[in-house]
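Atom set for the values below is all heavy atoms of this structure, side chains included, hydrogens, waters and symmetry mates excluded. Chain letters run A, B, ... following the sequence lines, proteins first and then strands; every chain starts at 1.
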Amino acid sequence: MKLVDKPKKTKTGQYKTNEEELQKLAGDHEIIGVILDYREATKLKSTYVDALPGTISKKTGRIHTSFSQAVTTTGRLASSDPNIQNIPVRTEQGQEIRRAFIARSDEFTLLAADYSQIELRIMAHLSGDEHMKEAFVSGEDIHTATAARVFGVATGDVTKEQRRRAKMVNFGIIYGISAFGLAQRLRIPRKEAAEIIDTYFAQYPAVKACMDGIIETARNKGYVETIAGRRRHIRDINTANGTVRAAAERYAINAPIQGSAADMIKIAMIRIEKLLRGKKTKLLLQVHDELVFDLHKDEHDLIEEIRKLMSEALPLSVPVVVDCGVGRNWLEAH
DNA sequence: AATTTCACG
DNA sequence: ACGTACGTGAAATTA
């Protein structure tokens, strides 16, 4: 429709029509919003509404996923056939789908127990950064605390926009931040993004030192390690190609963070399995930082025991907070 | 079979 | 100038 001067192309030469590109055209033609709505609806219908009923076991009347323990590069589990780790939750229509996941009978409810900000807490632990640790020890909202530091205002004066940006920066830290990546996410010039990152590292100096140290380890040993000792080998960490090397450095930084979180929840799962022996309550699912249980109505005392096992699975130098919720369906449990 | 898009953490 | 945020799996489309 000639709405763009230089339309972006995919690597095979097709026009890019993903959400990010379409969103930029939202004000230029009324069809764009309609297409985005259509995309959302058809994605949910084909991937979940149409597909999941066919996966229900004839024998049990339930959906049984497969968890792979040796697939991901970081130590996370992967769920397939069907994937139950990507059940919708973000949009209204998505939430309707999540509501369909219910407890096994009237005697049960669903319990969702999830780690709060676990990857940033692991960053605080690995780096030992006093400012970041203090934010968690005092129970502050980490994104608000980061915003206050990066934008130089009091915690109470942090605006929504500042918090939103700080949240993006915190995510960036976990991913092995780059000025380009942050600039794209925040839709600001690369130079501004670079300044935000500089301020961030000035406020959390030990985080910067930790990230440099991880990269140094990768260069010297060829691999990085999680808290429990899982290794990820980092190819190309010493390559001359700057782009490839920068990517390798991001993998090196992300792997110990994402992987240590995976270590933690796996240790918790092993201990919880022992706790639940002989009980009616069953562990159903793991979704990276969350465990979902069929909780029997007479066993609600288990909630605090599960919370304790999860929060103490891999002790950190900051508090590990586990949020627990109970409901008739998976959406309500959150 | 490869690519693109998009669902989740 | 290059060209990137990390980790997955499934459906639809393209080649």
Side-chain angles (χ1 to χ4, degrees), chain A residues 8-23 35-36 38-52 54-55 65-68 70-91 93-95 97-98 101 112 114-120 122-123 168-186 190 193 197 211 214 224 226 232 234 236 240-262 265 285-292 330 334:
Chain A
K8 283 199 189 165
K9 301 274 191 76
T10 68
K11 68 176 173 189
T12 56
Q14 305 286 329
Y15 290 124
K16 276 198 149 186
T17 70
N18 62 21
E19 183 175 358
E20 183 185 351
E21 297 307 315
L22 292 182
Q23 206 74 57
I35 292 171
L36 286 168
Y38 173 84
R39 285 268 180 89
E40 182 192 340
T42 54
K43 176 77 176 186
L44 297 177
K45 182 171 185 287
S46 63
T47 307
Y48 305 100
V49 179
D50 291 343
L52 287 179
T55 71
T65 186
S66 295
F67 284 108
S68 299
V71 162
T72 70
T73 55
T74 56
R76 277 186 170 185
L77 303 183
S79 161
S80 65
D81 310 299
N83 182 353
I84 219 74
Q85 290 181 322
N86 71 341
I87 298 303
V89 73
R90 289 172 189 173
T91 67
Q93 285 182 315
Q95 294 187 0
I97 293 167
R98 190 162 279 231
F101 289 78
D114 61 271
Y115 286 108
S116 164
Q117 300 296 350
I118 191 57
E119 291 181 335
L120 285 173
I122 285 167
M123 185 75 250
M168 288 293 172
V169 178
N170 279 331
F171 270 111
I173 292 303
I174 292 164
Y175 296 152
I177 201 160
S178 75
F180 185 97
L182 183 64
Q184 190 169 298
R185 283 305 178 113
L186 292 179
R190 195 160 62 252
I197 292 170
M211 291 170 66
I214 290 170
V224 293
T226 66
R232 177 171 178 177
I234 308 293
D236 300 327
N241 182 325
T243 304
V244 174
R245 193 175 61 247
E249 290 173 355
R250 292 196 299 275
Y251 304 152
I253 290 167
N254 175 259
I257 302 172
Q258 188 178 121
S260 295
I265 196 166
L285 299 174
Q286 189 253 46
V287 192
H288 309 308
D289 64 355
E290 171 188 12
L291 297 178
V292 182
W330 196 0
H334 267 102

Original post:
Are the side chains of Phe67(A) and Leu285(A) in touch, meaning some heavy atoms are under 4.5 Å apart?
Top reply: yes

Original post:
For the base of dC6(B), is there a side-chain donor-acceptor partner from Glu19(A) under 3.5 Å away?
Top reply: no

Subject >> Exam field: side chain Thr65(A) to backbone Pro82(A), donor-acceptor pair closer than 3.5 Å >> reply: yes

Hey, what are the protein-to-nucleotides 11-13 of chain C N/O distances that come in under 3.5 Å?
from: dA11(C); atom 1: O3'; to: Ser46(A); atom 2: OG; distance (Å): 3.3

Original post:
Roughly how many Å is it from OH in Tyr251(A) to P in dT4(C), rounded to a whole number?
Top reply: 10 Å

Original post:
Considering only dA5(C), dT3(B), dT8(C), which nucleotide approaches the side chain of Ile177(A) most closely?
Top reply: dA5(C)

**OP:** Check the distance between dT3(B)'s P and Lys11(A)'s NZ and give it to me in whole angstrom.
**Re:** 5 Å

Original post:
At their closest point, which heavy atom of Glu40(A) faces which heavy atom of Gln93(A), and how far apart are they?
Top reply: OE2-OE1, 3.2 Å

**OP:** Rounded off to whole Å, could you give me the CG-to-P distance for the Leu36(A) and dC6(B) pair?
**Re:** 8 Å

Original post:
Can you name the closest pair of heavy atoms from Glu290(A) and Ile265(A) and give their distance?
Top reply: N-CD1, 3.6 Å

Original post:
For Arg190(A) and dC2(C), what is the distance between atoms CZ and C1' respectively, to the nearest whole Å?
Top reply: 10 Å

**OP:** Could you check how far CG of Asn83(A) sits from C1' of dA7(B), rounded to whole Å?
**Re:** 8 Å

Original post:
Distance between the P atoms of dC6(B) and dA1(C), in whole angstroms?
Top reply: 31 Å

Original post:
When the nearest nucleotide of DNA chain C is assigned to Asp81(A) and to His288(A) on a heavy-atom basis, which residue is associated with the more 5' position?
Top reply: His288(A)

Original post:
Would you say dT5(B) has OP1 or OP2 under 4.0 Å from some side-chain N or O of Thr17(A)?
Top reply: yes

Original post:
Expressed as a whole number of Å, how far does the C1' atom of dA5(C) sit from that of dA2(B)?
Top reply: 24 Å

Original post:
Under 4.0 Å: is that the gap between some side-chain N or O of Thr10(A) and OP1 or OP2 of dT5(B)?
Top reply: no

Subject >> Length of the CD1-C1' vector between Ile35(A) and dT5(B), whole Å >> reply: 14 Å

Subject >> Watson-Crick and G-U pairing of DNA chain C written in dot-bracket, each distance under 3.5 angstrom, with | for inter-strand partners >> reply: .....|||||||||.

**OP:** Just compare dG3(C), dT4(B), dC6(C) and give me whichever is closest to any side-chain atom of Thr243(A).
**Re:** dG3(C)

Original post:
Lys45(A) has an atom NZ; how far is it from atom P of dC6(B), in whole Å?
Top reply: 18 Å

Subject >> Flag, side chain of Arg190(A) to backbone of Phe180(A), donor-acceptor distance under 3.5 Å >> reply: no

Original post:
Which listed nucleotide (dC6(B), dG3(C), dG7(C)) is nearest to the side chain of Asn18(A)?
Top reply: dC6(B)

Original post:
Has Thr74(A) got a side-chain N or O lying under 4.0 Å from the OP1 or OP2 atom of dG7(C)?
Top reply: no

**OP:** Determine: side-chain N/O of Gln286(A) to OP1/OP2 of dG9(B), distance under 4.0 Å, yes or no.
**Re:** no

**OP:** Is it possible for you to check whether Arg232(A) lies under 6.0 Å from the centre of the six-membered ring of Tyr251(A), through NZ or CZ, and within 45° of that ring's axis?
**Re:** yes

Original post:
Within the pair Arg76(A) and dT8(C), is there a side-chain N or O less than 4.0 Å away from OP1 or OP2?
Top reply: no

**OP:** Look at the side chain of Ala78(A) and decide which nucleotide, out of dG7(C), dA7(B), dG9(C), has an atom nearest to it.
**Re:** dG9(C)

Subject >> Nearest-neighbour nucleotide for the Arg98(A) side chain, dC8(B), dA7(B), dG7(C) considered >> reply: dC8(B)

Original post:
With rounding to whole Å, what would you report as the distance between dT5(B) and dC2(C) at their C1' atoms?
Top reply: 25 Å

Original post:
Distance between the P atoms of dT3(B) and dT4(C), in whole angstroms?
Top reply: 14 Å

Subject >> SB check Glu19(A) Arg39(A) (cutoff 4.0 Å) >> reply: no

Original post:
Given dA7(B), is OP1 or OP2 found less than 4.0 Å from the side-chain N or O atoms of Arg39(A)?
Top reply: no

